[in-house]
Amino acid sequence: MDKEKDHLALTNSLNFIEQIVEDHNTNGRFEKRVHTRFPPEPNGYLHIGHAKSICLNFGLAQRFHGLTNLRFDDTNPETEEAEYVEAIEQDVKWLGFSWDERKFFASDYFEQMYAYASQLIRDGKAYVDDQTAEEISATRGTPTVPGKESPFRNRSVEENLALFEQMKQGKFQEGAKVLRAKIDMASPNMHMRDPVLYRIKKAAHHRTGNAWCIYPMYDFAHCISDSIERITHSICTLEFEVHRPLYDWILESLGVYQPQQIEFARLNLSYTVMSKRKLLQLVNEKLVSGWDDPRMPTISGLRRRGYTPESIRNFAHRIGVAKRDNLIDVALLEFSVREHLNQVCSRVMAVLNPIKVVITNYPEGKTEMLTTENNPEDPQAGHREIPFGREIWIEQDDFMENPPKGYFRLSPQGMVRLKSAYIIQCQEVVKDAQGQIQELKCLYFENSKSGADTSGLKVKGTIHWVSAAEAVDAEVRLYDRLFTVEEPDKQEDKDYKEFINPASLVVLPHCKIEPSLRQAKLGERFQFQRLGYFCVDKDSSPQQLVFNKTVGLKDSWAKEQKK
RNA sequence: UGUCCGAUGGUGUAACUGGCAACACGUCUGAUUUUGGUUCAGAAGAGUCUAGGUUCGAUCCCUAGUCGGACAACCA
């Protein structure tokens with residue numbers, strides 16, 4: 001963390017948005033104020049792409065000693081729900097940012113927006129159109145062909161005012177009329193071809209209930225909300241670039257305070273999908289267990305997976321901001337968690353795929369307590385005791401009957417160090433009738449005890465283990481990338497769902513973990529020695545602990561094997 | 001014969017605003033290590049989309065082209 005701060009302090013290079021802010025500070029456009037906002041629509045859960053935006057908006061304000069508002073862009077009652085508002089607030093807080101008292105809703109401003117719309121009408125800059133949605137769409141033209149003006153375009157101000165008032169009063173059916181800006185049906189920018197400002201929706205709104213039956217469109221609501229809140233820099237993603245002329249047109253026409261809209265390239269992460277629509281589909285079609293499925297790129301999914309807010313913030317900082325399309329390697333995200341978890345997690349013993357080892361020369365019934373370090377990266381973390389006995393579990397991967405060269409774990413007649421315990425040597429491989437390994441009979445060297453080794457034996461490998469008598473059973477869920485290809489939604493003529501990784505979730509119901517883990521609390525994170533980082537899942541019960549694998553340790557042996 | 005935006009190692013971002021390209025991830029060596037982790041030391045990898053122009057000098061400025069992206073919801 002300190003390293004990160006130093007880096008921030010030392011770096012004098014600004015990203016393009018910070019550059020714009022500096023320019024504004026120099027030319028005095030906003031009196032050196034910086035006031036941003038994070039404006040989610042409460043119609044789904046936040047994902048890692050939103051995290052980038054959150055870090056950008058709150059981070060920019062922090063860097064320039066400004067403020068950031070949280071604003072829910074709730075102008076479409078049909079898709080928005082209070083449940084999402086709750087979840088979004090939790091996610092932003094969890095990421096470590098605070099909007100203080102400045103939580104707003106676009107719906108807070110409905111009254112003001114209505115007044116502004118009326119003002120546009122009075123100024124001859126908006127009109128009520130009776131055309132159907134189909135007609136409007138058909139007369140809009142195409143990017144290369146100009147649109148046609150509506151036959152209702154030149155109604156009188158009085159008539160427009162009256163009609164708009166009646167729309168508000170619910171005198172018309174949904175779809176019967178809309179309010180449109182009167183701009184230019186021949187504009188090369190489609191968004192300037194008399195865009196719809198208000199539509200009739202007889203739906204209950206999560207906050208205003210049935211008070212309204214007309215709702216403003218994004219383009220109208222967003223710029224006005226920004227203006228009301230005295231936002232200086234309205235940061236959004238690239239697809240809104242073509243909306244900027246409209247953003248400016250509305251505010252200029254109204255003659256009100258005008259923020260600067262700035263667009264950046266949204267985050268794309270390899271081996272996943274990021275659109276809300278697709279994530280919702282995965283949830284609805286039960287392809288994942290929910291918004292917080294640990295395989296989801298949602299903030300709640302990453303949280304449940306074991307990611308830390310710090311690691312996500314560092315990730316967001318590392319990927320930078322620019323305007324070109326990008327595809328970030330998910331390995332960078334994984335690096336960011338490992339980096340943080342390595343510093344803070346206790347190391348514990350857990351055997352995922354156990355094989356029994358019987359130490360034939362160790363006294364039956366004897367248990368001794370051995371001391372082990374909690375975290376070699378953090379001397380403050382101290383030590384703890386773990387039981388050792390005649391029968392232990394070790395990892396299947398840590399034994400091979402016919403090891404390849406370079407393998408330095410256990411094999412027939414081979415020796416390994418049991419982490420924080422003794423060196424053992426494999427004497428016999430016991431198999432059942434099918435040839436499956438039942439157990440390994442080993443000898444231990446009494447004088448090879450960790451910290452007091454006088455055996456003089458040199459072994460290359462050290463493996464983890466759990467004493468069989470005291471071992472606790474646990475379920476461990478292993479996760480892999482949700483998709484098998486880098487860009488699942490960009491495969492020609494194929495649906496992204498065809499690329500779901502069938503092995504993205506592997507459940508191991510009978511893992512053996514050290515007894516101290518019985519006390520592990522929900523969400524607590526550990527390094528399972530030599531395996532990776534794991535955290536306690538909410539599905540845990542007093543009878544059965546459930547762990548999620550956050551990310552594996554780097555595995556240079558596995559890499560070597562692939563060659 | 002539309003408008004707008006973009007182009008720097010495999011990936012992502014820099015280059016103090018014109019002085020022959022840096023950082024991170026990834027990859028590869030080696031050292032240390034009771035985690036094949038961490039840490040440490042080091043290496044390879046782009047001459048900045050192309051062609052012109054301005055300039056003593058261009059990743060940076062200009063022009064044209066190429067390629068990629070966005071835009072035709074009463075969604076945001």
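Chain identifiers are assigned alphabetically (A, B, ...) following the order of the sequence lines, protein sequences preceding nucleic acid strands; residue numbering begins at 1 within each chain.
- Electrostatic pairing of A:D108 and A:R207 counts as a salt bridge here, judged by a charged N lying under 4.0 Å from a carboxylate O.
- Among residues two or more places apart in sequence or in another chain, the salt bridge (Lys or Arg N to Asp or Glu O under 4.0 Å) test is passed with A:E241 by A:K323.
- At the heavy-atom level, A:R244 lies nowhere under 4.0 Å from the strands shown.
- The salt bridge (Lys or Arg N to Asp or Glu O under 4.0 Å) test applied to A:R384 returns A:E514, not counting sequence neighbours.
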| request: With pairs defined as Watson-Crick or G-U wobble and both distances under 3.5 angstrom, please note down RNA chain B as a dot-bracket string, | for pairing with another strand. | output: .((((((..((((.....[..)))).(((((.......))))).....(((((..]....))))))))))).....

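- For a distance-only test at 3.5 Å, the side chain of A:E339 fails to qualify as a donor-acceptor partner of the base of B:U38.
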| For every nucleotide of nucleotides 25-34 of chain B, 5' to 3': is a protein heavy atom under 4.0 Å from its base (B), only from its sugar-phosphate (S), or from neither (-)? | S-SSS----B

| field | Contact state string [nucleotides 68-76 of chain B, B base, S sugar-phosphate only, - no protein heavy atom under 4.0 Å] | value | -SSSBSBSB

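- Scored by the side chain to side chain donor-acceptor pair (under 3.5 Å) test, A:E385 finds A:T371 as partners (sequence neighbours excluded).
- B:G18 and B:A24: their P atoms are spaced 27 Å apart (whole Å).
- Residues satisfying the side-chain contact (heavy atoms from CB on, under 4.5 Å) criterion with A:A331, sequence neighbours excluded, are A:D329.
- In this model, a side-chain donor or acceptor of A:Q527 finds a partner on the base of B:U35 within 3.5 Å.
- B:U66 shows a glycosidic angle more than 90° from 0 and is accordingly assigned anti.
- Under the salt bridge (Lys or Arg N to Asp or Glu O under 4.0 Å) criterion, A:K512 pairs with A:D473, not counting sequence neighbours.
- For residues 178-190 of chain A, every residue pair satisfying the salt bridge (Lys or Arg N to Asp or Glu O under 4.0 Å) rule, not counting sequence neighbours, is listed here: A:D129-A:R180.
- For the residue pair A:Q527 / A:Y533, a side-chain donor-acceptor distance below 3.5 Å is found, with atom types taken as modelled.
- Across the P atoms, B:C16 and B:A21 are found 14 Å apart, a figure rounded to whole Å.
- A:G461 comes within 4.0 angstrom of nothing in the nucleic acid, heavy atoms only.
- In this structure A:P39 satisfies the side-chain contact (heavy atoms from CB on, under 4.5 Å) test together with A:R37, A:R71, A:H222, sequence neighbours excluded.
- The residue A:P376 sits close to a base: some heavy atom pair falls under 4.0 Å.
- A:E395 pairs by the salt bridge (Lys or Arg N to Asp or Glu O under 4.0 Å) definition with nothing, not counting sequence neighbours.
- Here salt bridge (Lys or Arg N to Asp or Glu O under 4.0 Å) pairs that include residues 448-460 of chain A, with residues two or more places apart or in two chains, are A:E368-A:K449, A:R417-A:D453.
- Donor-acceptor pairing under 3.5 Å, judged by distance alone, is absent between the side chain of A:E263 and the base of B:G6.
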